[in-house]
Visitor: 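Before anything else, here's the structure in question.
Protein chains get the first letters and strands the later ones, always in sequence-line order, with residue 1 at the start of each.
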2 protein chains.
Amino acid sequence: MEQTKFLLDESQLPRRWYNIVADMPNPPQSPLHPGTGEPIGPDDLAPLFPMALILQEVSEEAEIAIPDEILDIYSLWRPTPLYRAHRLEQAAGTKSRIFYKYEGVSPPGSHKPNTAVAQAYYNKKEGRTRLSTETGAGQWGSALAFACKLIGLECKVYMVRISYEQKPFRRSMIQLWGAEVVPSPSNDTESGRAILEEFPDTPGSLGMAISEAVEDAAQRDDTSYSLGSVLNHVLLHQTVIGQEAIAQMELAGAFPDVVIGCVGGGSNFAGLAFPFIREKIAGREIDVLACEPAACPTLTRGLFAYDFGDTSKLTPLVAMHTLGHDFVPAPIHAGGLRYHGVAPLISQLVQDGLIRAEAYVQSEVFAAAMLFANSEGIIPAPESSHAIHGALKAAREADEAGEQRTILFNLSGHGHFDMTAYDNYFAGKLEDVALDEEEMQRALRAIEGLPTPA
Amino acid sequence: MEQTKFLLDESQLPRRWYNIVADMPNPPQSPLHPGTGEPIGPDDLAPLFPMALILQEVSEEAEIAIPDEILDIYSLWRPTPLYRAHRLEQAAGTKSRIFYKYEGVSPPGSHKPNTAVAQAYYNKKEGRTRLSTETGAGQWGSALAFACKLIGLECKVYMVRISYEQKPFRRSMIQLWGAEVVPSPSNDTESGRAILEEFPDTPGSLGMAISEAVEDAAQRDDTSYSLGSVLNHVLLHQTVIGQEAIAQMELAGAFPDVVIGCVGGGSNFAGLAFPFIREKIAGREIDVLACEPAACPTLTRGLFAYDFGDTSKLTPLVAMHTLGHDFVPAPIHAGGLRYHGVAPLISQLVQDGLIRAEAYVQSEVFAAAMLFANSEGIIPAPESSHAIHGALKAAREADEAGEQRTILFNLSGHGHFDMTAYDNYFAGKLEDVALDEEEMQRALRAIEGLPTPA
C-alpha cells in the first residue's frame, strides 16, 4: 500500500505567517487615496480596520508571529491533510505525480477561516465588538460568522440578494453560527435604501454589498469592516497552507515542480504559493500557475493598472490586474472567482514573471471535477476545480513532453453547498462563457484617467 | 495549548474487523425462515448476498482480516480524527472530559462507507457487477454509490419518493458518483408498479423501497442486494471506528468511563461501542449508552421479539427490539434513526445488560447540536446530535454526582445536507414527538403470532 495522506500533528502548526513583501524583487506599489490620488498611510485605514491588521498590511518583515489564541482555534482543523492523488493519476493515465492540499476540512468548508479567525481576533483585542462584511456565494460570510462565534464578536453579513435567495443553505450556516444576515441591497443602510429606491427589483451585486458593509462599519465605533481576500494581510494569514505543504511534501520525499491554485481575489492561491515562491526567489526552479475562469480573465487579459476595489469607488486605488471596477462577470458557478481585480501582491509577482496564469471555461473545469470526485472521492467546490483542471493539464503537458513532473495544487474547499452547479452540469445546462473582447474594452474604460503604476 | 486532535497515521489503520459474537455472554438467536419459521443457513441467503459476506454474517471468529484493497480505499479518509472537545466542555460548564470520534470526514460525510466499500469489494470479487439498495434520507445511498464507483460496480438506488423530492442534493451526490437513482415506488419493479397502481400519490416508505431493491437483486444474476445497517456483517465492518478510538484515547492518556452513540439500525453505535464492550466483557467498567429518538423508541420501549426487517415480510425473522414491522415513525429530521427495529447483536447486548438506552425529543437534540456547532465549529447531522445530547447529559449527571468522568461519543456525520432541519429549528417549527402508548400497542400487534425468542 502506497501512502495516501501526509499528516502533521497540531504541534507542527506553523508558528509564523510568511510575508512575501520582504522577498519580492519589486515591492508592491503604494495604494492611493481615492480622493486625492496621494499615497495613503496607516491612519487613512483606521476607521475601517484595527491597527494590528493595518500594520500587517504595510509590514515588510518576512515573518509575523501567530498569537496562541489563533493557533488554538486553527487546531480545530489544522494542519490540514496533504494527499497524494494516486487514483486521480491512474484515472488520468499520467506518469506525473499529483499532490493536493485539502482546505475543505475546516468547519465552514474552505480556506477562508484562516484569515477570518485572525481578523476576528485582532478586532476583539482592540475593543471592537462587531464586524460587518459582504458575501457573494456565502463562503466568506459563513467563515466570518464561524470565526466571530468562536472569538466572541457580533457579525453582520450583507449577502448579495440573488445568492441569499438561491443559496439558502449558506445563509442557514451563517445564521447557525449566530451572525445576522440580510439580503443586499437592504433597508439597513443609506446606500442600500438609495439603490432599492432606484432599482427595487435588483438581484444585488458584490459591489453593492461592499458599499453597505463599509458604510455599516464606518458609521459605528464598535464595528470594523472585514474583507475575505485581495488585501496583503488576508493573503498573509493564508500562508499557513503553503508552509504546512512544504513540511508535508518533505514527508512524502518530494518537492513540487509545479504549484497550482485557483484565483478570484487570490487568497487561497497566495496561501499555498507564496511559501514556494520564497524558494523560487531563492533560486529553486518552480512553475507557479494561477487558474482563473475565462468569464473573468483578470490575470490573463486584464490590465495592470490602478483601480478601485469596489464598484462604488469607496476603496483606495490599488495597482493590480483588473477588468475595470464596473465589470460584472457572467454568472458562472464558481461564484468565488467572479471579481474584477486580483490581489496587488499577486499582480506584482505576475508582472515580475514569478507567476503565470491560465483561463478555463466551465465545461472543462466540471469535467475535471467529475474525474476527481470519481477517483479521489471528495466533491470539490467549482472554484477549486479550476486548480484540478490546471493540475490535469500540467500533467498532460508533462506526458506529452516525455517528462515526469511533481504537481501540487490547492483544493481550497468542498462542493457540498454547490450541488446545484453539478445538477446543471449533469443536465447539460452549463454555458462556456469566455469574456467578449468588445465587452472587456468597454469595461476597461472605467479606469481611464486614473493614475498609472510606475 | 492543550491538544485538540488525536491522529493516527494510515499505517495504524486497524488490519482486522472485530466480531463481538465471539465474546458475547449469550450468542444471538438464529434468524428464522419467513415461510417455515425454521432456522436459516448460509444457503438461504445466497440469492441476495455474496458468500464471503454470508460467512461473515454467521462467523464466530473474533477477528476477520481486512483485505488490502479495502484498506487502500479506507486510507482516503481513515483513520478518522478523535477530538478532545475542550470548547464544548467549557460551553457546557462541565468538569468532565468529553472526546468525540469524527466520521464525517469521509467523502459521503458519514460512517456508512466503512461497510459500503467492504460490501462492494466482496461482491465484485464474487463476480457481481451491480448492487441494488434502498435509501431514505440518502446517507446510505450516497455511500454505496461512492463505494461502487471506486470499486467498479454499477449501482441502483431506490430512494423514498418524499426524500427524492425534498433532499435533491443527496440525490445529486448519488448521481455524481455514477449510480442510477429512482424515486420509490418506481415503475422499474413489479412491487413498485403494484403499489403505484393502488396508491399513485404515495410519498413512499423505506419498507416499499426495500421491497423494490430486494426484488431487483433477486431477479438478476449480476446483482446483489446491499443493506447499510442492522446485519451482523454490517456492524462488523464498522468496528474500525472503535479500534481506532481505543488507540487514540491511549494517545490522549485516557480511557472512557462512558461510550455513547446514536442508534437507528445500530451500525455507527456498534462500530464505536463493540471494541469497548470487548473490554467491558473482559472486566473493565464502562457505561455504554445508546441514544434514540423518542419518536422511535425501539430500545427503550420496544419488545425483544422475532420480527421482520421490512414491512413486506420478505426478510428472515430476527430476534431484536422492535416496534413492529408496520410501524411508521413520525417524520423527525433524524431520518437515519427512523427504523422499527434494531440490530440483533445490539438487542441481545441490551438484554444482557451490557448496553443501556435513552430516548430524546428533537428540541433537546437540536439544542445540543447548536451548542456543539457554536463551540467545536462542526455542524453535526441530526442523527449524530442524539449522541451529543447523550454526552452532555452524561456530563451533567457526573457534575451533579460530584464526579469527573471521561466521556466518548461518536459524531457519525456532518449536517451539510440537513440545513433544512436547522432552518426549521430556527423557525421554531420542530415538533417534540414522543411515541403515543396506544399507537405503539397498535403497531406491536403486527408481531402477534410470530415465534418467540428463547
Side-chain angles (χ1 to χ4, degrees), chain A residues 1-11 13 68-69 71-79 81 83 86-87 104-109 113 142 146-147 149-150 168-173 175-178 369-370 373-379 414-423 425-426, chain B residues 1-11 13 68-69 71-79 81 83 86-87 104-109 113 142 146-147 149-150 168-173 175-178 369-370 373-379 414-423 425-426:
Chain A
M1 241 177 64
E2 277 198 277
Q3 197 169 341
T4 298
K5 296 191 301 299
F6 300 89
L7 305 177
L8 301 175
D9 205 75
E10 64 194 70
S11 68
L13 257 173
D68 279 348
E69 293 87 339
L71 289 173
D72 205 43
I73 296 183
Y74 278 175
S75 73
L76 289 174
W77 73 95
R78 303 210 72 84
Y83 284 82
H86 293 295
R87 285 167 194 280
V105 295
S106 76
S142 56
F146 162 80
K149 173 53 74 177
L150 265 64
F169 296 152
R170 277 276 170 200
R171 166 173 56 70
S172 313
M173 263 178 116
Q175 291 171 323
L176 180 143
W177 284 313
M370 287 298 290
N374 284 328
S375 53
E376 295 294 310
I378 297 169
I379 303 172
H414 63 61
H416 299 173
F417 294 87
D418 300 286
M419 297 310 289
T420 305
Y422 283 97
D423 280 344
Y425 177 71
F426 302 150
Chain B
M1 241 176 63
E2 277 197 278
Q3 198 170 340
T4 298
K5 294 190 303 296
F6 299 89
L7 305 178
L8 301 176
D9 205 76
E10 64 196 70
S11 68
L13 257 173
D68 279 349
E69 294 87 339
L71 290 172
D72 204 44
I73 295 183
Y74 278 176
S75 74
L76 289 174
W77 73 94
R78 302 208 73 83
Y83 284 82
H86 293 295
R87 285 168 195 278
V105 295
S106 77
S142 56
F146 161 81
K149 173 54 74 178
L150 265 64
F169 295 152
R170 277 276 172 201
R171 167 174 55 70
S172 313
M173 263 176 115
Q175 292 171 321
L176 179 142
W177 283 314
M370 287 297 290
N374 284 327
S375 52
E376 295 295 309
I378 297 169
I379 302 172
H414 63 61
H416 299 173
F417 294 86
D418 301 286
M419 298 309 293
T420 305
Y422 283 97
D423 279 345
Y425 178 71
F426 302 149

Visitor: Under 4.5 Å from any heavy atom of chain A, what part of B/Tyr83 do you find: side chain, backbone, both or neither?
Guide: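 The side chain, not the backbone.
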Visitor: Evaluate the ring planes of A/Tyr74 and A/Trp77, with Trp represented by its six-membered ring, and classify them as parallel (under 30°), tilted (30 to 60°) or perpendicular (over 60°).
Guide: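 Perpendicular: the ring planes of A/Tyr74 and A/Trp77 meet at over 60°.
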Visitor: Given a strict heavy-atom distance threshold of 4.5 Å, which part of B/Asn374 is in contact with chain A: side chain, backbone, both, or neither?
Guide: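 B/Asn374 touches chain A through backbone and side-chain heavy atoms alike.
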Visitor: Which bit of A/Phe417 comes within less than 4.5 Å of chain B, counting heavy atoms only: side chain, backbone, both or neither?
Guide: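 Only the side chain of A/Phe417 comes within 4.5 Å of chain B.
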Visitor: For A/Ser375, enumerate each residue passing the side-chain contact (heavy atoms from CB on, under 4.5 Å) test, keeping only those at least two apart in sequence or located in another chain.
Guide: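 With neighbours one apart ignored, the set is A/Arg87, A/Leu88, A/Ala91.
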Visitor: With a 3.5 Å distance limit and no angle check, can you tell me whether B/Gln3 reaches the backbone of B/Lys5 through a side-chain donor-acceptor pair?
Guide: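 Confirmed, B/Gln3 side chain pairs with B/Lys5 backbone.
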Visitor: For a side chain to side chain contact (heavy atoms under 4.5 Å, CB included) check, start with the C-alpha distance between A/Met370 and A/Tyr422, then their side-chain angles and the critical distance, and finish with the verdict.
Guide: CA-CA 9 Å; A/Met370 287 298 290; A/Tyr422 283 97; 4.1 Å; yes
Visitor: Identify which part of B/Leu7 has an atom lying under 4.5 Å from any heavy atom of chain A, answering side chain, backbone, both or neither.
Guide: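 Only the side chain of B/Leu7 comes within 4.5 Å of chain A.
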Visitor: May I ask you to test the A/Arg78-A/Leu8 pair for a side-chain heavy-atom distance under 4.5 Å?
Guide: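 A side-chain contact under 4.5 Å is absent here.
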Visitor: Tell me, for A/Arg170 versus chain B, whether the close heavy atoms (under 4.5 Å) come from the side chain, the backbone, both or neither.
Guide: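 It is neither, since no heavy atom gets under 4.5 Å.
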Visitor: Using non-hydrogen atoms only, which part of A/Phe169 is less than 4.5 Å away from chain B: side chain, backbone, both, or neither?
Guide: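 For A/Phe169, backbone and side chain are both near chain B.
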Visitor: In terms of the angle between their ring planes, are A/His416 and B/His416 parallel, tilted or perpendicular, with boundaries placed at 30° and 60°?
Guide: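 Ring orientation of A/His416 relative to B/His416: tilted.
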Visitor: Quick check on the interface: out of B/Met419, B/Gln175, B/Glu69, who has the most heavy-atom pairs with chain A under 4.5 Å?
Guide: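 Going by pairs under 4.5 Å, I would pick B/Met419.
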Visitor: Please rank B/Thr420, B/Ile378, B/Leu176 by heavy-atom pairs under 4.5 Å with chain A and give me the top one.
Guide: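 Sorted descending by pairs with chain A, the first entry is B/Leu176.
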Visitor: Measure the spacing between OG of B/Ser75 and CG of B/Asp68 and express it to the nearest 0.5 Å.
Guide: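 CG of B/Asp68 is found 10.5 Å from OG of B/Ser75.
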Visitor: Name the member of A/Val105, A/Ile73, A/Asp9 that forms the most heavy-atom pairs with chain B at distances under 4.5 Å.
Guide: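 Ranked by contacts with chain B, first place is A/Ile73.
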Visitor: For A/His86, which atoms come within 4.5 Å of any heavy atom of chain B: side chain, backbone, both, or neither?
Guide: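 Contact with chain B: none, neither part.
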